[in-house]
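Letters A, B, ... are given to chains in the order of the sequence lines, protein chains preceding strands, and every chain is numbered from 1.
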There are 2 protein chains.
Amino acid sequence: MDRVPILVLGDVLLVSIQIDLEDQLALHLQEDLAEKISASSAHGVIIDITALDIVDSFVGRTLATIAAVSKVLDAETVLVGMRPAVAITLVELGLTLRGIRTALNVEHGLRLLRDLRAADEFEPDDEDEVTADDSAASR
Amino acid sequence: MDRVPILVLGDVLLVSIQIDLEDQLALHLQEDLAEKISASSAHGVIIDITALDIVDSFVGRTLATIAAVSKVLDAETVLVGMRPAVAITLVELGLTLRGIRTALNVEHGLRLLRDLRAADEFEPDDEDEVTADDSAASR
């Protein structure tokens with residue numbers, strides 16, 4: 001397989017990563033996601049990593065890049081389904097996944113995206129501050 | 001990887017199959033799904049096969065078994081994301097995926113499940129007939 005499928009759930013894109021993200025696959029995923037966000041006007045991206053036994057620095061960097069690109073395209077990225085052991089390893093390795101929001105599972109991720117969206121709509125003049133507050137709260 | 005992750009979306013379970021369903025993996029998926037349906041009282045299962053280049057008779061049988069088990073546990077199964085080439089090959093091979101509903105993508109699948117649920121609730125006395133009509137309409 002050379003592509004990770006991207007599922008559309010209303011205005012949210014859902015990606016379930018089930019195999020090791022090698023260089024080429026990660027690159028394809030970044031490109032595909034950027035194109036799909038732009039084509040579908042999605043406002044959120046949920047990346048599920050339930051199936052991953054390990055998140056190394058390469059995967060961490062890939063996820064951070066995806067989140068940064070999505071942000072530029074006005075879509076928030078939420079990482080969900082992280083196994084407890086993966087979280088422990090991440091912290092032990094000193095990888096903080098800076099700039100990536102996390103949630104327990106897909107449902108919590110969807111709710112987080114909805115809340116972020118609602119906050120943005122209520123305070124359009126104050127957008128930068130709201131975003132900063134939210135990301136602080138989600139850490 | 002030895003398990004296909006099962007994502008929970010409200011009362012629907014979502015499975016995105018991205019790698020070849022070998023014997024052991026297919027067996028695990030059947031067991032995991034049955035357990036998860038029973039644990040979460042899900043009323044629907046959506047199986048996404050966007051990533052599959054081919055659906056052979058083994059995969060077809062596996063999907064049919066999953067649909068039959070889910071049905072016994074009161075959950076409908078919808079197969080989504082089938083590539084046009086896969087559909088053509090299926091028909092050419094004479095595999096009709098009997099007993100499995102299909103929809104274009106996850107969103108259509110969710111809507112189909114919602115409609116089926118609504119029909120069931122409106123006509124509880126007539127459940128068998130409604131189900132028969134629905135499955136005829138979805139083919």
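Taking each heavy atom of B:R117 and B:D74 in turn, the nearest pair found is NH1-OD2, 4.1 Å. Taking every heavy atom of both residues into account, B:I17 and B:A51 meet most closely at O-CB, 3.8 Å.
For A:D20, the salt bridge (Lys or Arg N to Asp or Glu O under 4.0 Å) criterion is met by no residue, not counting sequence neighbours.
Between chain A and the residues B:N105, B:L52, B:V8, the most heavy-atom pairs under 4.5 angstrom are made by B:V8. The greatest number of non-hydrogen atom pairs below 4.5 Å with chain B, out of A:L14, A:D48, A:L7, A:I6, is found for A:L7.
Here the side chains of A:M82 and A:L90 are in contact, with some heavy-atom distance below 4.5 Å.
Put simply, the side chain of A:Q18 gets close to the backbone of B:S16: a donor and an acceptor are under 3.5 Å apart.
Looking at A:L110, only its side chain comes within 4.5 Å of chain B, counting heavy atoms on both sides.
At a threshold of 4.5 Å between side-chain heavy atoms, the hydrophobic network of Ile, Leu, Val, Met, Phe, Trp and Tyr places B:I19 and A:L21 in one connected group.
A side-chain contact (heavy atoms from CB on, under 4.5 Å) with A:R101 holds for exactly one of A:L116, A:V80, A:T77; it is A:L116.
Proximity to chain A among residues 59-68 of chain B is not found for any residue, judged by heavy-atom separations below 4.5 angstrom.
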